[in-house]
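From a predicted model like this one, the values you see are computed outputs, not experimental measurements.
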Amino acid sequence: MSNLLENLNPAQRRAVETVAGPVLVVAGPGSGKTRVLTHRIAYLIAATGADPFTILAVTFTNKAAREMNERLEALIGPAQARALTVGTFHSLCARFLRRDIVHLGRERDFAIYDSDDQERLMRRVLRDLNLNEKQYAPRAIHARISSAKNELISPQEFARLNRSYFDEIVTRCYERYQTLLREANALDFDDLLFETVRLFDQHPDVLARYQERYLYLLVDEYQDTNHAQYVLIKQLAARHRNLFVVGDADQSIYGWRGADVRNILQFEQDYPDARVIVLDQNYRSTQSILDTAQAVIAAGTKRKHIKQLWTANGAGPQVTLHEGYDQDAEASFVADEIARLVATGEARYRDCAVMYRTNAQSRALEEALSRRGVPYQLIGGLRFWERKEVKDTLAYLRLAANPYDSISLTRVLNWPARGIGERTEAELSRWAESLGVPLYQALKELEADPAGAPFSPRAVTALRGFLSLIDGLIAARREAPLLKLIEMLVERIELRETLFREYGEESADERWANIQELAAFAARYDGLPLEQQLPQFLEEVALVADVDRIDPQADAVTCITLHQAKGLEYPVVFLVGLEEGLLPHSRSTDDRERLEEERRLLYVGITRARQRLYLCYAFRRESFNRSNISKPSRFLADIPPGLLKRPGRPSASTRVRPAAAPARQRPTRPGDTWRAPAPPRAAGGPTEVSFFPGQRVRHSAFGEGVVVSSRLVDGDEEVTVSFADRERRLLASFARLERLK
DNA sequence: GACCAGCCGTTTTTT
DNA sequence: ACGGCTGGTC
């Protein structure tokens, strides 16, 4: 199997060849760790004769799992590749639990609650406990519960550990939350891990089965594992100790969701006989990009495994630092630059990615890109599976799989409207609670004995109608394939008509298209045995990440958050919004640890770039309604100025490109028409606008332009003017606009 | 119970 | 600026 080891550097080769015992691979960005992982698996099988059935690989996203499988198919053939176990922690745990959760006295057709379901359940908990949602933010309480679960702390232990008043509240919520989850036969994301650990803990025989089976364990992105994942790995690896973990503490960016970087830092303590292999040759980026990345990360504190990354790639073009006037100017710069690179043949759209800290930043980009006619794909934001109509439709399918899922049940109890209002719903849930059964069970009781229930005849009819709909789906699920089930559902609830009735022409089309996308996705489960189609579908829907939806075929620019960009690479990368308050984010600036995590986030972003890197920030930025002056990110100061190229700033001295295109009109959206501004308030400033749409003006630097709109903002007049190159927003008190004729 | 108008909070990142 | 929620009305 010499060809498996060819083209590997000595360190990579050692990582691939070290077959037995614990191994820690400290892998810098772009150091070929994916290659090492796949080649090591192939090597195990081809060179040492390992049975693929005995290999377990844990990846960070489902996409990474799929890619790993594809690569392995090429290396060792589809049959062998299929026998491997590859997946994320969550999907693997879901698989283990489907098989063995019965040992914990639970049913295997459990539902998986996503963040939206979790929040709804939390609200229900607060209501049950008579706590005010305003006073106790459901998300805050849930976050606390979630981190407890990641630490494998049960409600009982939590009660013992915590003494603050808030924690008293959380304790009660945690208990109730678990009770309701159990009643609904549901697990949340954190439970998938927690319950698996509990299963292995309480049933050594079950654990032994997995331990015997998996001779070889491989874990990618080990720096982002949380305590539960750490324990899980420890359990599985305890017997054979062939544990191969790959990670880089410098790229640890998920501390906020419980990831504990100590897991990787202390690996050598946990496994004293571990071999440590450092991969520090970078194959991805140019020297300029690497130098920039090094400068940013080296200024950080408390690092271990310090690597000096190097590359044999050339210096490449200098990294560009760009200041835009505001977020729109920043976005226009990005769009222009991409258009330029594509026009000159230096890049294709698909080679370019724009990365940002928060999803909200994507708006300005989308606008600028579409104005320039640059195709793009937006990752994240409103995630597909979380769109209302998708989740509503899904709720029916989830009920077909598990009718005790009360969160899904309340979600569609009156959707589409069928005359079951708030009162009836409250009545139903109170009644169910008094019987101590899930809502579905209460409906069943009602069916059996309508007289015994506290409902009006009208309500009874409506509730029975709903029950028979659900029961119809449950019956259909047993005998019809998934796609048929969906068709039947669409027909029974008149889904298309419902969408049009509810959302009107404009948005119904899009929502209906989403339902069709859902159906298209479901069609992929066609080949499976009937009884597996629905559960598999639901499980994947709950656990797919949005990055999984990136279409690498499409020739389009990728817009993505820095977090989601981890593990990806692009020839051309724009990092936008490198400002104080955004990166580092304002919510992270008062805590040393979190601040360092923000720094690493920038490091991750920089190292996504292969050839060209643009670092962008804006002079002012609009957040909510307000426009504020912003300061460049403190991290930029850590980069030696000599590494950076600053193109002509959009200031008085710079001549903008000749106006190839006519001045653009502001994109017209319904409701975006100009209106007379609100009456003034601030003292001293103008009390009414003095510029009007259509008026011609001249600016000392930007030349002549046409007023698009004007409004009063904070006692000043903000005028939007379309100049030859583009639209700019100017403050009248500051910009000295000369009125023309 | 359905519909409408106005209000509030939202934004950090995600399996 | 938007969407989801509240409170009012039919």
note = Testing dT13(B), dA2(B), dC2(C) for proximity to the side chain of Arg363(A), the answer is dC2(C)
query = Below 3.5 Å, does any donor atom in the side chain of Arg587(A) face an acceptor in the base of dT12(B), or the other way round?
reply = no
task = Using the salt bridge (Lys or Arg N to Asp or Glu O under 4.0 Å) rule, take Asp326(A) and Arg621(A) through it: C-alpha gap first, then chi angles, then the decisive distance, then the call.
result = CA-CA 5 Å; Asp326(A) 61 7; Arg621(A) 180 167 300 266; over 6 Å; no
key: Minimum-distance nucleotide to Thr358(A) side chain [options: dG1(B), dT12(B), dA2(B)]   = dT12(B)
ask   = How long is the line joining CG of Leu578(A) and C1' of dT13(B), in whole Å?
value = 16 Å
task = Considering only NZ, NE, NH1 and NH2 on the basic side and carboxylate oxygens on the acidic side, decide whether Glu497(A) and Arg501(A) come within less than 4.0 Å.
result = no
query = Does atom CZ of Arg66(A) have more than 12 heavy-atom neighbours from other groups under 6.0 Å away?
reply = yes
message = Tell me if the CZ atom of Arg198(A) is crowded by more than 12 foreign heavy atoms within 6.0 Å.
response = yes
query = Between His563(A) and Tyr254(A), is any side-chain donor less than 3.5 angstrom from a side-chain acceptor?
reply = no
task = Quick one: label Ser115(A) by what it contacts on the DNA or RNA (base, sugar-phosphate, nothing), any heavy atom closer than 4.0 Å.
result = base
message = Using a 4.0 Å heavy-atom cut-off, does Ala542(A) contact any base of the nucleic acid, only the sugar-phosphate backbone, or nothing at all?
response = nothing
request  = Identify which nucleotide among dT14(B), dA2(B), dT15(B) has an atom closest to any side-chain atom of His90(A), counting heavy atoms from C-beta outward.
outcome  = dT15(B)
ask   = Contact class for Arg139(A) (heavy atom, under 4.0 Å): base, sugar-phosphate, or nothing?
value = sugar-phosphate
key: Spacing of Ile379(A) atom CD1 relative to dT14(B) atom C1', expressed in whole Å   = 14 Å
Nearest-nucleotide comparison on DNA chain B, the residue closer to the 5′ end among Glu598(A) and Thr424(A) = Thr424(A)
ask   = From the list dA2(B), dT14(B), dG1(B), which nucleotide is the closest neighbour of the side chain of Arg423(A)?
value = dG1(B)
ask   = Any side-chain N or O of Gln564(A) less than 4.0 Å from the OP1 or OP2 oxygen of dT13(B)?
value = no
ask   = Which part of the nucleic acid, if any, lies within reach of Asn62(A) when heavy atoms closer than 4.0 Å are counted: base, sugar-phosphate only, or nothing?
value = nothing
task = Take the protein atom NE2 of His563(A) and the nucleotide atom P of dT14(B), then report the distance between them rounded to whole Å.
result = 7 Å
ask   = Closest to the Arg458(A) side chain: dT13(B), dT11(B), dG1(B)?
value = dG1(B)
inquiry  = Under 5.5 Å centre to centre and under 30° between planes: does that hold for Trp256(A) and the six-membered base ring of dT13(B)?
reply    = yes
task = Give a yes-or-no answer on whether the side chains of Asp405(A) and Asn185(A) include a donor-acceptor pair shorter than 3.5 Å.
result = no
query = Expressed in angstrom and rounded to an integer, what is the separation of Ile420(A) atom CD1 from dG1(B) atom P?
reply = 9 Å
inquiry  = Applying a 4.0 Å non-hydrogen cut-off, can you work out what Asp114(A) is touching in the nucleic acid: base, sugar-phosphate, or nothing?
reply    = nothing
query = dT12(B) base stacked by His585(A)? Criteria: ring centres under 5.5 Å, plane angle under 30°.
reply = yes
request  = Using the closest heavy atom to pick a nucleotide of DNA chain B for each, name whichever of Glu422(A) or Ser588(A) lands nearer the 5' end.
outcome  = Glu422(A)
task = Figure out the CD/P separation between Glu221(A) and dT15(B), and round it to whole Å.
result = 13 Å
